[in-house]
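All remarks here apply to the structure that follows.
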Amino acid sequence: MKRTGAISLRKRLVLQLLALAAALAVLLYVTVRTVAGDAAEETLDGVLGAATLAIADELRGGEDGVSIDLPHEAFSILGSISQDRIFYRIAVGEVTVTGYDDLPAPARKLGSGLASPVFYTLPYRQTQVRVAAVERVVLADNAPVAVTVMVAQTRTGQDTIAARVANRAAGLGLGVFALAAILSMITAGSVLRPIDRLAEAVGRRGPRDLRSVDHPSPAELVPLITALNGFIARLRAALTRTETFITEAAHHIRTPLATVRAKAEIALRRAETEEARDTLRAVIRSVEESARSASQLLDHATVVYRSDRLAREPVDLGKLVAGVAQSFAPTAELKDLAIRTQGLEAAVTVTGDRLLLESALRNLMDNAVKYSPPDEEILISLEVVDGLARVAVSDRGRGLSGVNQAELTRRFARGGNVRDIVGSGLGLTIVDEVTAAHGGRLDLSEHAEGGTCAALFLPLG
Amino acid sequence: MRGAFLALGLMLAGLLPAHGFEVEEEASFAAPGPEVAVLRVLSTTDTQIMAPVIAGFQAVNRGITIHYTVANSQQVQAAIVTDGAAYDLVISSAMDLQMQLANDGFALPWQSERTTALPGWARWQDTLFAFAQEPVVLIAARSVFDGLAPPRTRRELTALLRDYPERFRGRIGTYDPERSGAGYLFATQDARLSDTFWRLAEVMGGLEPVLYDSTAPMINDLKAGRLVLAYNVLGSYAAPRLAGDDSTMLIELEDHTLTLLRTALIPRAARSPVLGGTFLDYLLGPSGRALIASEAGLPPIDEAALAAQPHLRPIRLDPGLLVYLDALKRRAFLEEWRAALIQP
Ligand SMILES: Nc1ncnc2c1ncn2[C@@H]1O[C@H](COP(=O)(O)OP(=O)(O)O)[C@@H](O)[C@H]1O
Ligand SMILES: [Mg+2]
């Protein structure tokens, strides 16, 4: 069962990188905004201060008190840099000489002489204004008088700049984020690639491949691989134990069966009544069948648990088939079956495990004999078809009654056509597994005129 | 048709409530269709000049009745600042006072396709908009230049006055900046643009100039032959009056010809600012511009026309205008002006 719930590594990595990128983008946005905002304010303050100083330069004393000739340029320059509202006030103490007399004076004391302007921001006339103030001393009626010049400006210009900068900064932030997003996808991909590769390498293995994993992997994956290899080793050991157990079990069954069979044959020779002879013959048949089942179990265990360690030797199929055909002659004779061979003289060689191949062939022969009625013929043929060796066992028996091959090759599966014929259902399973282990395949078919054809296809060489 | 409206309006005027400021003229233009809204305009521009434009506006906005009130620029200022009178649009040729209204926060912002299409020099922020550009000109009797070339610059004019004082003595007219807001605006802008203004003023001062507080009598006196020269007259008023009169001429001086911007703003106390904005948009739109040019006789805002006539200098619509409204500045300027022009 697949476990859900745990977030995928890629997702987690990408999400965290994206969060980081988003944080960076926001930081960038805020930084650009503040820096640009400060720069804009500084620039506008510079102009406002210059205008204020230019006005202060026009302050005059004299017998009639303080007077001033407002310089048009000062206002015009403020007007040309931004379309902001302008207010000004020239005051001696709290008394306004000229200008907007409700414009508040600076909170702190201004330095006289040539001190540079002081800036402050305050609410005025339903809006915010930035004020620059300087103080100058003039001689009015022979007495020094401190005069404050205040020039105020709304800051829509600065807001416009700030808004423009904010747009740019937002664009920049988004760009950085998008770039980071792409990079984080790529990074996640490259970081996780070794895991993908390892998974692929392990996944690609055949079902019986129990070699330890020695795929080159980054240090972080070495513990996982070590653990995996440990697990594989334990699995292999368990399989070996099972195989040994089955081999021994089969052996332990076969030996007493052989003894029983020997004793039964002696008894048969000595039996006097036909009835007793029949009984003993049945005993012998059953014992034979049991012994075959035990061998089949053994063969099956060998294919299942050792297919990765098959012997790889050249096997002359002609000879092998001839040998098997010959060994079945006595059994066939009991049923008056003729065994015919065809194409055995050709030299057809495959590479593989002789014993297993022989076992496969035996099982086919066994079926052919078992499921044929007496007085019929069994044909074993060997030929090369499309670069594959084809060994076919054909009988004229009952056929497969349409049951498909996948069904019949299942472990312990038997067809519905068996009637009283005993069997384990392992024969075709072994044949199928042996041919698969040799890179070949089994093909079961029915003759149109009745009977079964079981063919093995094996790669040459 | 238009006459009928006007008559009706002038009749209605008597029924309107009294104001805290002096009104020169009051007219009501009833909606041609069923009335849905009333637009109240306060203006320094005569009813008769604006009537065709109003009619054009009502032809497309048939449900709007327009109350059109005329007052001089000082009274317009007082109406808005002191009385907080509820007008939806204020039209004035006093750029400096309009600028002061906008700067001091008495104007509402208005943004439309029309206003944003205005060139930068013809609007301030989103509150003050120019809809006509009117050159400030010199008008003269042709006879006075007998045998002489008419002056093309202030320098030439100064030389002419100096060389032929007898032709001009006692027969030069100009605004009295102490009594006329427009005169003050023109004089200060002249002084700002060039130093030749002060030399001209001094020479005029030596020729016993006649000072006026409005345009119409100056033009009348020129036509009647009592004046031979009138300096700084609004061209848009003079041109139609002098048209067809071969004995007079209108001169745009080439060193610089001030160009006054007639502006409009929507006051903060407006009852229906959107209506004011709609009328403003009409003034700035193609049909409004066409009517302003052909019927009102005012040159609409036209950047190309300015480019073709480089001597035309639109008065800058910026807070620089506030400088000359400063009481101390005004006193100092008038003192200097008096010293130059009024010679014992
Ligand atoms: N030559 C054949 N003729 C008819 N049926 C066959 C033949 N070979 C196999 N079968 C069917 O396939 C089934 C599976 O065969 P196998 O695995 O050898 O088991 P079994 O021990 O029953 O022979 C049989 O039970 C039988 O129904
Ligand atoms: Mg079988």
Side-chain angles (χ1 to χ4, degrees), chain A residues 47-48 51-52 54-55 58-62 64-92 95-103 123-129 138 140 147 149-157 159-160, chain B residues 81 95-96 98-109 111 115-116 118-130 185 187-195 197 265 268-269 313-337:
Chain A
V47 178
L48 183 62
T52 311
I55 293 172
E58 297 295 327
L59 281 173
R60 296 287 179 270
D64 304 337
V66 180
S67 72
I68 188 162
D69 184 17
L70 283 184
H72 179 269
E73 296 69 33
F75 279 59
S76 223
I77 283 170
L78 285 178
S80 63
I81 209 157
S82 65
Q83 291 204 331
D84 272 301
R85 295 161 60 187
I86 294 170
F87 309 98
Y88 65 96
R89 179 179 170 208
I90 319 289
V92 175
V95 183
T96 303
V97 176
T98 187
Y100 294 75
D101 49 16
D102 55 344
L103 188 65
Y124 180 69
R125 297 201 177 207
Q126 288 113 47
T127 175
Q128 286 288 113
V129 291
V138 295
V147 185
V149 174
M150 287 155 272
V151 181
Q153 188 184 27
T154 57
R155 281 289 161 91
T156 51
D159 296 347
T160 314
Chain B
V81 175
M95 291 173 70
D96 43 1
Q98 291 277 85
M99 186 69 218
Q100 195 172 42
L101 285 180
N103 186 71
D104 291 1
F106 290 101
L108 285 179
Q111 226 175 13
T115 61
T116 44
L118 272 180
W121 51 265
R123 74 183 161 113
W124 188 72
Q125 290 192 341
D126 287 322
T127 49
L128 189 55
F129 310 95
L185 179 63
T188 52
Q189 292 297 322
D190 257 351
R192 194 172 78 71
L193 283 182
S194 117
D195 290 338
F197 169 74
L265 60 80
R268 192 160 284 282
R313 297 283 166 77
I315 296 173
R316 278 177 60 175
L317 195 58
D318 70 13
L321 288 169
L322 302 181
V323 169
Y324 295 103
L325 292 179
D326 181 80
L328 290 184
K329 182 85 179 178
R330 182 178 165 89
R331 194 165 47 176
F333 181 84
L334 289 177
E335 233 164 62
E336 200 169 344
W337 182 86

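Just so you know, these numbers use all the heavy atoms, side chains as well, and skip hydrogens, waters and symmetry mates. Protein chains get the first letters and strands the later ones, always in sequence-line order, with residue 1 at the start of each.
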Inset, instruction - Pick one of side chain, backbone, both or neither for B:R123, based on which atoms fall under 4.5 Å of a heavy atom in chain A. - result: backbone
Inset, instruction - State which residues pass side chain to side chain donor-acceptor pair (under 3.5 Å) with A:R85; sequence neighbours excluded, sorted by chain then number. - result: none
Inset, instruction - Only counting residues at least two apart or in another chain, list the ones meeting side chain to side chain donor-acceptor pair (under 3.5 Å) with B:Y324. - result: none
Inset, instruction - Without swapping roles, check the side chain of B:D126 against the backbone of B:Q111 for a donor-acceptor pair under 3.5 Å. - result: no
Inset, instruction - Identify which part of A:T127 has an atom lying under 4.5 Å from any heavy atom of chain B, answering side chain, backbone, both or neither. - result: neither
Legend entry - Pick from A:R125, A:E73, A:E58 with the largest number of heavy-atom pairs that fall under 4.5 Å of chain B: A:R125
Inset, instruction - Count the heavy-atom pairs under 4.5 Å between each of B:P319, B:A327, B:A332, B:G120 and chain A, then report the option with the highest count. - result: B:P319
Legend entry - From CG (A:L70) to NZ (B:K329), nearest 0.5 Å: 6.5 Å
